[in-house]
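Notes for the one structure printed next.
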Amino acid sequence: MKQLWAHISTWFLEVPLNKGVFPQAVAGLALLLLVVLLPYSATKMKGWAAKRKHPRASLLLMQLLVAAGLYGIGFGLTYLLSNVWVVFGVELGLLVIRKVALALALLGFSIISLVSYRGWRKVVSVFLLIVSLLYGTLGVNAIYGQYPTLKSLLGYRSFPWLSSSEVHQADRTVAQWQKQAEKGTLPAMPAKGIVRTVVIPASQSGFVARPATIYLPPAALSKHPPKLPVMIVLAGQPGSPDRFFLAGDYQAYLNAFAARHHGLAPIVVSPDQLGASSHNTLCSDTPVYGKAETYISKDVPAWISSTLPVEHPGKSWLIGGFSMGGTCATHLGPRYHDTFGNVISVGGEIHETDGSEQEMISGFYRGDREAYEDHIPARAIEKYGRSWQTFLFGDGQYDQIGQKNAKAIAKAALRKGMRVKAFVADGSGHDWHTVQAVFDYGLHQFCWDQGLTSQEPNLKDFKKLSPLALDEPETGL
């Protein structure tokens, strides 16, 4: 019995929240309940509707008017919060705005039904009210792709701990590995890479970080692995180190690449730059949350270099991220150019933000304006960046603010002589669908640069991406 219950609970926790049967069933149920609540013959009503000359027509008109009104209010208010007042620091995107408005329309329809019906239709109205809230929540989550399962929503550890038996020191180069592949003499390795959880010590920083999540490709899991390039990726805030592998499903892209290239792919490490989901550390050393910058720039690279089969830091290492994590990458990359030769930013901000500029200078940087400005991406690039570094920017079609931010930072990188590419992900916004599209291209570009593949990525093969023009004037930056 206990074993059966364990299987049921495991299945329940793994039910997809952002695609598949469950969200489709909720949408279908909402539509069914709405149809059931339409006024037709034998409808039992009470109150104002029952007293009208044409009660059914009056109720239907009121249901539709209230639903349409709340749709308009929801759309307008969410648009103002997102695109005009920018309360969330980023644009939510048109898809999210529409989904919120539609959920409010369903809510309005259910409320009018609740106050107008008697008997079993009143009960159905309550169900529609609940389902409309669930429909909106699941819909927004599906657009963002933030929580793919109930397990991820509840914060359960999703990946096993890394075992010492899974790690081996490198004893050859990628070029030597490829020559062995040509001869058919590669050492034994699994068909797919693995995702694991690991504690990275905060030896220099003392930063209180949550466990990191890492990906080891098949080649790294052989007993004689080659020295592999490294990608350090940072999730947004709120967020956690497993987001790239849960919400972003990045291991699927890495495994697909490795399957075509003799088990070769970068080692990917997603450390914790926050300490807690609610913390915004600005990826800086501050008296507020501790030395997050030292942790990411010193402790994490030191652990990777001493533990995993990797190339030396520099041109073979990349730092990237999404949203706040992307902003971190664009100022840490140039500041620590000896460690990170490559940067990817998806949905990054023009600068880190937690309160007003003066509040950040006073609270996070002890009143030191120069220290604050050193962490503004464009200025960090100008002051610390190197011309041999590579920058890749990506933003969703519905993230206009992100696109403006990317243009401003990209132009600073171009002035520095860096190699710069910028893309728009069609059909998505400030969400993990954009991350997947951009980081897929970024993976192929990085691997081509590092010699893991002989084929330079062709943008035509990445159907969702289109170039972001960097020669247009920005406004409101």
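Quantities reported herein were computed from a predicted structural model and do not represent experimental measurements.
Between the W432 side chain and the D249 main chain, no donor and acceptor come within less than 3.5 Å of each other. Side chain of D431 to main chain of G429: a donor-acceptor pair is present (N/O by atom type, distance under 3.5 Å, no hydrogens or angles). A donor-acceptor contact shorter than 3.5 Å links the side chain of Q389 to the backbone of G333. Between the Q436 side chain and the G248 main chain, a donor and an acceptor come within less than 3.5 Å of each other. A donor-acceptor pair is defined here as one N or O able to donate and one able to accept, closer than 3.5 Å; no such pair exists between the side chain of E352 and the backbone of I376. Looking at N141, its side chain does come within 3.5 Å of a backbone N or O of Y147 through a donor-acceptor pair. For R172 (side chain) and H224 (main-chain N/O), a donor-acceptor pair under 3.5 Å exists by modelled atom type. Judged purely by atom type and a 3.5 angstrom limit, H433 uses its side chain to pair as donor or acceptor with the backbone of I143. Using modelled atom types, no side-chain atom of D440 and backbone atom of L443 make a donor-acceptor pair closer than 3.5 Å. Without hydrogens or angle criteria, T307 side chain to I304 main chain gives no donor-acceptor distance under 3.5 Å.
One distance of note links CG of D461 with NE2 of H444; it measures 8.5 Å at 0.5 Å rounding. The OG atom of S82 sits 6.5 Å away from atom CD1 of I401, with the distance rounded to the nearest 0.5 Å. Note that the CD1 atom of I296 and the CD1 atom of I200 stand 8.0 Å from one another [nearest 0.5 Å]. The distance from the OG1 atom of T78 to the CG atom of N83 is 10.0 Å, given to the nearest 0.5 Å. Atom CD1 in I214 sits 15.5 Å away from atom CZ in F244 (nearest 0.5 Å). Atom-to-atom distance recorded for M324:CE and L282:CG is 6.5 Å, nearest 0.5 angstrom.
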**Request:** Evaluate the criterion side chain to side chain contact (heavy atoms under 4.5 Å, CB included) for residue pair Q403 and V424; output intermediate values, then yes/no.
**Result:** CA-CA 8 Å; Q403 292 177 36; V424 173; 4.0 Å; yes

**Message:** Please evaluate residues Y295 and D272 with respect to the criterion side chain to side chain donor-acceptor pair (under 3.5 Å), reporting the C-alpha separation (whole Å), side-chain torsions for both, the decisive distance (0.1 Å), and the verdict.
**Reply:** CA-CA 9 Å; Y295 181 70; D272 181 25; over 6 Å; no

**Request:** Let me see the working for F159 and L246 under side chain to side chain contact (heavy atoms under 4.5 Å, CB included), right down to the final yes or no.
**Result:** CA-CA 10 Å; F159 304 106; L246 289 178; 3.7 Å; yes

**Asked** For F257 and C447, what are the C-alpha separation, side-chain angles and deciding distance, and is it a side chain to side chain contact (heavy atoms under 4.5 Å, CB included)?
**Response** CA-CA 9 Å; F257 182 91; C447 289; 3.3 Å; yes

**Request:** Give the intermediate values and the outcome of side chain to side chain contact (heavy atoms under 4.5 Å, CB included) for residues E293 and Y336.
**Result:** CA-CA 10 Å; E293 180 177 343; Y336 299 92; 2.5 Å; yes

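In the displayed structure, K421 atom NZ is contacted under 6.0 Å by more than 12 heavy atoms of other residues, nucleotides or ligands. More than 12 heavy atoms of other residues, nucleotides or ligands lie within 6.0 Å of CZ in F75, so this atom counts as buried by the packing criterion. Under a cut-off of 6.0 angstrom, the local environment of CD in E166 is crowded, with over 12 non-hydrogen atoms contributed by other residues, nucleotides or ligands. Within 6.0 Å of CD in Q169 there are more than 12 heavy atoms belonging to other residues, nucleotides or ligands. For K464, the NZ atom sits in a packed shell: over 12 heavy atoms of surrounding residues, nucleotides or ligands are nearer than 6.0 Å. With a 6.0 Å radius and a threshold of 12 heavy atoms from other residues, nucleotides or ligands, E370 has its CD atom at or below the threshold.
Proximity of K99 to Y135: side-chain heavy atoms (C-beta onward) are separated by under 4.5 Å at one or more points. Inter-residue side-chain proximity for T281 and T286 is flagged as unmet; no heavy-atom pair is nearer than 4.5 Å. At a threshold of 4.5 Å between non-hydrogen side-chain atoms, the residues L318 and P229 do not count as touching. Using a 4.5 Å heavy-atom cutoff, the side chains of E357 and R369 are in contact. For the pair F340/K315, no side-chain contact is recorded, criterion being any heavy-atom separation below 4.5 Å from C-beta on. At a threshold of 4.5 Å between non-hydrogen side-chain atoms, the residues R335 and H331 count as touching. Contact check for W303 versus S203: no side-chain heavy atoms found under the 4.5 Å cut-off. Counting heavy atoms from C-beta on, the side chains of Y372 and R366 never come closer than 4.5 Å.
When all heavy atoms of L138 and P23 are compared, the pair lying nearest together is CD1-CA, 4.3 Å. Nearest heavy atoms, P467 versus F423: CA-CD2, 4.1 Å. The two residues I267 and A220 make their nearest non-hydrogen contact at CD1-CB, 4.3 Å. Considering all non-hydrogen atoms of both residues, A103 and S132 come closest at CB-O, 3.8 Å. The shortest heavy-atom contact between C328 and Q273 is SG-CG, 4.3 Å. A pairwise comparison of heavy atoms in F245 and T213 identifies CD1-CG2, 3.4 Å as the closest pair.
Between D285 and K298 no salt bridge is recorded (no basic side-chain N to carboxylate O distance below 4.0 Å).
Partners of F22 under the ring pair (Phe, Tyr, Trp, His ring centres under 6.0 Å) rule, at least two apart in sequence or in another chain, do not exist in this structure. Taking H279 as the reference, Y289 meet the ring pair (Phe, Tyr, Trp, His ring centres under 6.0 Å) condition, with sequence neighbours excluded.
Side-chain rings of H337 and Y384 stay apart, their centers remaining 6.0 Å or farther from each other.
A tilted orientation is assigned to the rings of H430 and F322, their planes being inclined by 30° to 60°. Ring geometry for Y250 against F439 counts as perpendicular: the plane angle is over 60°, on a 0 to 90° scale with 30° as the lower cut.
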